[in-house]
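We name chains A, B, ... by the order of the sequence lines, and we start the count at 1 in each one. The model shown is predicted, which means the values in this text are computed figures rather than measured ones. What's counted below: heavy atoms across the whole structure, side chains too, no hydrogens, waters or symmetry copies.
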Amino acid sequence: MTILHVTNRDGDIREIDAPDGRSLMETLRNAGYDEIEALCGGSCACATCHVYVDGEVASRLQPMSEDENDLLDAAEDRNERSRLSCQIKLSAGLSGLKITIAPES
Amino acid sequence: MSKSDHFDVLIIGAGHAGAQTAIALRQQKFEGTIGIVGDETEHPYERPPLSKDYFLGEKTFDRLLIRPESFWRERKVSLMLGHRAVSLDADARTIFLQDGAKIGYGDLVWAAGGRARRLSCPGFDLGGIHYVRTRADVDALLEDAEAATRVAVIGGGYIGLEAAASLSKLGKAVTLFETADRLLARVAGAPISHFYADAHRRRGVAVLTSINIVEVLGEQDRVFAVRSDHHTFPCDLVIVGIGIIPESEVLAKGGAKVENGVWVDAHGATSLPHVYAAGDCAAGESQFADGARLRIESVQNANDTATSVASSIMGAPRPYAATPWFWSNQFDLKLQTVGLCTGHDEAVVRGDPETESFSVIYLKQGRVIALDCVNNVKDYVQGRKLVELGLSPALSAIVDSDIPLKNLLPPTA
Ligand SMILES: Cc1cc2nc3c(=O)[nH]c(=O)nc-3n(C[C@H](O)[C@H](O)[C@H](O)COP(=O)(O)OP(=O)(O)OC[C@H]3O[C@@H](n4cnc5c(N)ncnc54)[C@H](O)[C@@H]3O)c2cc1C
Ligand code: FES
């Protein structure tokens, strides 16, 4: 199990157990975070699954693809910690990852 | 199923728009009761993967759910699945279901989408003819496709093209027939049509335009060919993607103004009191089409019109003004659209279609109204602002793909 620390838009922090092999977007959606709209269902086409990633393990994430990087420019409030959660595949090595759901754009 | 006979908000249709109406209401702290009646048996799920990842077996059905099943319980949204609404009494604020049950409402949200338009030519009812609208459609299609080798796809819109791409990837010999003289004639400009015809052909799909299928031929109740006026094309499976018919008859009979969809105002309200509509079935005036009334079939539209309806019900109306966007995946080609190209008078190609990464910029009297971007996320993201601001950049700058589109924005944007 991969433990994630998730901060929602109200600033509440919760720990969730993430199953391996799913994307971060699916994990957040299944954990009930309805702020994650994920309208394109993970096709890297919408940027409505924007999150910020933090913590030591964040450096272990797979680097962004060019498409993800370009699409993130569509998200307001982009910063250097921004990622599209549908493009992050979770695995045990990412336990401890801190995630903050980006503000509504 | 426990069925309360009254909901403060009753939603008909458990698709993208129906689900989002309920989600948005709870997000906006609506405390009343919410019920959703849906005639499919599944919990609300995403439709786009039906012709893409799900079709290809790359995603299992549980990954298509818009929210996990527990979500609906936790948010106190009553799902009444496998039930069909058949009539409306707007004065009594009551919906009648097929099984005779009746449900009262405070506000009604009609989010019933559309049903696949059926073939009407001789042979339309033969075995081996399939549609791609619901999970049940696709499950039946996939089961039938296993033994099939030659597939005829009727209709060169997005659904037909995506189905053709997926079937071709599954190893079938695919022929796609389009009545018009080009693919995507209703939704995209000629450069996109020609690109997709070529791209499909390069990948092994036979694309035939200006061909009207007038009959499906079969024996022992099973299709063996389709026929145009001049030719017969053998096949053992037929996929039909010729558009949808909006589900609006119940509202029309109930007295609502309906013409190619349920007419709504900028807040999603229909002509009947306490009745709203959202998604594929709703026809509203779009500021992205110079105020023309139209129906838009996209996840973005379903989602954002539903959110707007929720705001209206909350008494804090926010007129629907979201920028339209859309995507379509075929093979390794990712199309992203922003704006509406309806009524364009020029379709300018930016970049080289031969590279399979380029854009088409649609202009109306010089003003950018839409972009179709193929494997070109940068243009899609940067072009969005051109559409939203209705800018009229110089043609020479638009066609020069070395100039990023963001450079065409005024300094303040
Ligand atoms: C195969 C496929 C691929 C697509 N790909 C894309 C894509 O890549 N990008 C994109 O933006 N859009 C895509 N779309 C379009 C998108 O899925 C639709 O625009 C969207 O589903 C519309 O949502 P909706 O809620 O209005 O309608 P629907 O999702 O159709 O939901 C309506 C629901 O209401 C039910 N219903 C109808 N009548 C009744 C009744 N009388 N009583 C009870 N229930 C009823 C229907 O069965 C259905 O479950 C695709 C559609 C299909 C079919
Ligand atoms: S879900 Fe659309 S980009 Fe992530």
Largest heavy-atom contact set with chain A, pairs under 4.5 Å, which of His16(B), Arg67(B), Glu46(B): Arg67(B)
Neighbour count above 12 (heavy atom, 6.0 Å) for Glu388(B) CD: yes
Part of Glu66(A) within contact of chain B (heavy atom distance under 4.5 Å): side chain
Arg26(B) (side chain) donor-acceptor with Phe30(B) (main chain) under 3.5 angstrom: yes
Interatomic distance, Ser43(A) atom OG to Lys334(B) atom NZ [nearest 0.5 angstrom]: 7.0 Å
salt_bridge(Asp280(B), Arg47(B)) N-O dist < 4.0 Å: no
Pick from Glu69(B), Arg75(B), Gln382(B) with the largest number of heavy-atom pairs that fall under 4.5 Å of chain A: Arg75(B)
Under 3.5 Å: donor-acceptor pair, side chain of Ser59(A), backbone of Glu56(A): yes
Portion of Tyr380(B) that has a non-hydrogen atom of chain A nearer than 4.5 angstrom: side chain
Sidechain-backbone polar pair: Thr337(B) side chain, Asp372(B) backbone, donor-acceptor under 3.5 Å: no
Worked check of side chain to side chain donor-acceptor pair (under 3.5 Å) between Glu40(B) and Tyr45(B): CA-CA 10 Å; Glu40(B) 292 181 79; Tyr45(B) 63 90; 2.4 Å; yes
Residue, of Asn329(B), Ile23(B), Leu65(B), Asn376(B), that accumulates the most heavy atom pairs under 4.5 Å with chain A: Leu65(B)
For chain B, which residues of residues 6-28 of chain A have heavy atoms nearer than 4.5 angstrom: Arg22(A), Glu26(A)
Winner by heavy-atom pair count (cut-off under 4.5 Å) against chain B, out of Gly41(A), Gly42(A), Ala38(A): Gly41(A)
Side chain to side chain contact (heavy atoms under 4.5 Å, CB included) evaluation trace for Trp327(B) with Lys52(B): CA-CA 12 Å; Trp327(B) 81 99; Lys52(B) 311 179 182 79; 4.2 Å; yes
Leading residue by heavy atom contact count with chain B [cutoff under 4.5 Å; candidates Asp70(A), Asn30(A), Asp67(A)]: Asp70(A)
Which atoms of Glu74(B) approach chain A - backbone, side chain, both or neither, heavy atom under 4.5 Å: neither
Chain B neighbours within residues 71-101 of chain A, where any heavy atom lies under 4.5 Å away: Leu71(A), Asp73(A), Ala74(A)
Separation of Asp379(B) CG from Leu386(B) CG (nearest 0.5 Å): 9.0 Å
Side chain to side chain donor-acceptor pair (under 3.5 Å) between Thr48(A) and Glu37(A), intermediate numbers included: CA-CA 6 Å; Thr48(A) 64; Glu37(A) 286 189 308; 4.7 Å; no
Ion pair Arg295(B)/Glu297(B), N-O distance below 4.0 Å: yes
Plane angle bin for Phe61(B) and Tyr54(B) - parallel if under 30°, tilted between 30 and 60°, otherwise perpendicular: perpendicular
Arg350(B) side chain to Ser359(B) backbone, donor-acceptor under 3.5 Å: no
Side-chain donor/acceptor of Ser308(B) to backbone N/O of Asp304(B), under 3.5 Å: no
Engaged part of Ala47(A) at the chain B interface, taking heavy atoms whose separation is under 4.5 Å: neither
